[in-house]
2 protein chains.
Amino acid sequence: MEKAIAILKKNNYKVTKQRTDLIEYLSKFTVQYVSINDIASYMRSLYPGMSNNTIYRNLKEFSEIGLVEYQEKDKTLVKYQCDFEHRHHHHFVCKNCGKVTELRACPIEFFTDQLPGYTVEGHAIEVYGLCADCTKKLNSK
Amino acid sequence: MEKAIAILKKNNYKVTKQRTDLIEYLSKFTVQYVSINDIASYMRSLYPGMSNNTIYRNLKEFSEIGLVEYQEKDKTLVKYQCDFEHRHHHHFVCKNCGKVTELRACPIEFFTDQLPGYTVEGHAIEVYGLCADCTKKLNSK
DNA sequence: ACCATAATTAGTAATTTTTACTAATTAGTT
DNA sequence: AACTAATTAGTAAAAATTACTAATTATGGT
């Protein structure tokens, strides 16, 4: 939490009550995505008149400074960034329970080798299916 | 084109005028994405009262049978499937000119090795940046 | 501690994107 | 040619996102 605040400051964002509470709520979701809708509901339970503007803008800004990330396949879902050090990695998302498993390392060189002269600015990788628990459960039926 | 029609039939979809014209239009976009909006405009120039229903449903069905694919990062963009044989591959998308470059092969084993017991059902990979042409152009300025 | 000010937010609305539903039409089959 | 199930048009609503302005607030300097 203090770390997140520090990141806000480092990026010249003001530390408002709204942002603090938003971060606190988001920090529960390191292993699973929340919908922007749920976020809005929760935030409006604290700040009844909170505008979409505020919610969308903050999520967007948070994602830019690495506090938050959007799910690749469904941009209405968001999760807290597991590690602020920006160690680059990707995710496996379980379609059944929604659990997120971090994947180690990243095979981007696999692709950049095929792109001579190109400027590779970024990439999106997401693997999905059933986690080990759900695989076991669903197979034993 | 005949190939696409064959795929429609194989999947028990009826071959309607609307679908034929939609496929014909989409087939221009093998190397670049079109927005669903542009598709709708074009289709409505042929069928003035064509409903969203028809457009969205057909695109969704086409993507299910592999005629079409959505852009990972922006689901309002769509392109014609380059190869119907379903040879699995991924894309590089140029942010400047929109050109799509096919990437050979796929490093999914890189990840599945890290996921023992998991059921990996699919994955999304997209690399973006500037293509060689745009890199050259923008650097020479 | 106060002030100035630039950033942030609330409040309101509009726009964009997507989905829903039903009656009418149509492609494919017998 | 008739039957039937799929498809479409037409209409509407829901969901998601963006826009704009005035009011409020956090922060840095005095």
Side-chain angles (χ1 to χ4, degrees), chain A residues 1-2 4-26 33-65 67-79, chain B residues 2 4-26 33-65 67-78:
Chain A
M1 186 71 195
E2 303 84 39
I5 301 292
I7 292 175
L8 271 188
K9 286 183 180 167
K10 185 166 63 185
N11 290 89
N12 299 318
Y13 285 116
K14 292 187 176 175
V15 180
T16 64
K17 291 193 288 339
Q18 290 89 335
R19 282 183 175 149
T20 308
D21 288 329
L22 178 54
I23 290 174
E24 192 180 13
Y25 180 66
L26 287 169
Y33 290 89
V34 221
S35 72
I36 294 180
N37 237 338
D38 287 352
I39 295 171
S41 301
Y42 174 77
M43 290 307 287
R44 290 201 181 106
S45 75
L46 300 185
Y47 305 90
M50 193 173 213
S51 73
N52 277 336
N53 190 331
T54 304
I55 292 160
Y56 278 91
R57 183 176 32 75
N58 277 322
L59 289 176
K60 194 180 163 210
E61 289 166 349
F62 286 5
S63 90
E64 281 163 1
I65 61 178
L67 285 182
V68 144
E69 58 190 307
Y70 292 86
Q71 189 180 93
E72 301 295 344
K73 301 202 57 147
D74 180 356
K75 294 295 161 51
T76 70
L77 298 176
V78 137
K79 76 186 272 300
Chain B
E2 304 83 38
I5 301 291
I7 292 176
L8 270 188
K9 286 184 179 165
K10 185 166 65 185
N11 289 89
N12 299 318
Y13 284 116
K14 292 188 175 174
V15 180
T16 64
K17 291 193 288 340
Q18 289 89 336
R19 280 182 177 151
T20 308
D21 288 327
L22 177 54
I23 290 173
E24 192 181 11
Y25 181 65
L26 287 170
Y33 290 89
V34 220
S35 72
I36 294 180
N37 238 337
D38 287 352
I39 295 172
S41 300
Y42 174 78
M43 291 306 288
R44 289 200 181 107
S45 74
L46 301 184
Y47 305 89
M50 192 172 212
S51 74
N52 277 336
N53 190 332
T54 304
I55 291 160
Y56 278 90
R57 183 176 31 75
N58 277 323
L59 289 176
K60 195 180 162 209
E61 289 166 352
F62 286 5
S63 89
E64 282 162 1
I65 62 178
L67 285 183
V68 144
E69 57 190 307
Y70 292 86
Q71 188 180 96
E72 302 295 345
K73 300 201 56 143
D74 180 354
K75 294 298 162 49
T76 70
L77 298 175
V78 138

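Labels below follow one simple rule: chain letters A, B, ... track the order of the sequence lines, proteins then strands, and each chain is numbered from 1.
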- Message: I want to check one thing: is the phosphate of C:dT9, taken as OP1 and OP2, less than 4.0 Å away from some side-chain N or O of A:Thr16?
- Response: yes
- For A:Asn52 and for B:Lys9, locate the closest nucleotide of DNA chain C by heavy-atom distance; then report the residue assigned to the nucleotide nearer the 5' terminus. A:Asn52
- Examine D:dT18: is either OP1 or OP2 under 4.0 Å from a nitrogen or oxygen in the side chain of A:Tyr56? Give yes or no. no
- Nearest whole angstrom, please: distance from the C1' of D:dA16 to the NZ of A:Lys75. 14 Å
- Item | Side chain of A:Arg19 (C-beta onward), nearest among C:dT9, C:dT18, C:dA27 | C:dT9
- Query: Looking for any heavy atom pair under 4.0 Å, which part of the strands does A:Ser51 touch: base, sugar-phosphate only, or nothing?
  - Reply: base
- C:dA10 P sits how many Å from A:Ile55 CD1, rounded? 8 Å
- Item | Any donor-acceptor N/O pair, B:Lys75 side chain to A:Lys73 backbone, under 3.5 Å | yes
- Whole Å only: how far is the CG atom of B:Asp38 from the C1' atom of C:dT17? 14 Å
- Message: Could you tell me how far apart B:Ile36 (CD1) and C:dT18 (C1') are, to the nearest whole angstrom?
- Response: 9 Å
- To the nearest 0.5 Å, atom OH of A:Tyr33 lies from atom CD of A:Glu69 at 5.0 Å
- Query: B:Thr54 side chain N/O closer than 4.0 Å to the phosphate oxygens (OP1, OP2) of D:dA9?
  - Reply: yes
- Message: In this structure, how many angstroms lie between the P atom of D:dA9 and the CE atom of B:Met43, rounded?
- Response: 8 Å
- Query: Knowing that exactly one of B:Leu46, B:Thr20, B:Val34 qualifies, which makes a side-chain contact (heavy atoms from CB on, under 4.5 Å) with B:Tyr25?
  - Reply: B:Val34
- Message: What's A:Arg57 touching, base or sugar-phosphate or nothing? Going by heavy atoms closer than 4.0 Å.
- Response: base
- Message: Using whole Å, what does the distance between atom C1' of nucleotide D:dA9 and atom CG of B:Asn58 come to?
- Response: 13 Å
- Around B:Lys60, counting heavy atoms of other residues, nucleotides and ligands shown, do more than 12 lie under 6.0 Å from its NZ? no
- Query: Could you state the NZ-P distance from A:Lys14 to C:dT5, rounded to the nearest angstrom?
  - Reply: 13 Å
- From the candidates C:dT26, D:dA16, C:dA10, the one with an atom nearest any side-chain atom of A:Gln18 is C:dA10
- Would you kindly say whether A:Asp21 and A:Tyr47 are connected by a side-chain donor-acceptor distance under 3.5 Å? yes
- Note on the structure: By nearest-nucleotide position on DNA chain C, the 5'-leaning member of A:Pro48 and B:Asn53 is A:Pro48
- Note on the structure: In whole angstroms, the gap separating P of C:dT8 from CD1 of A:Ile23 amounts to 12 Å
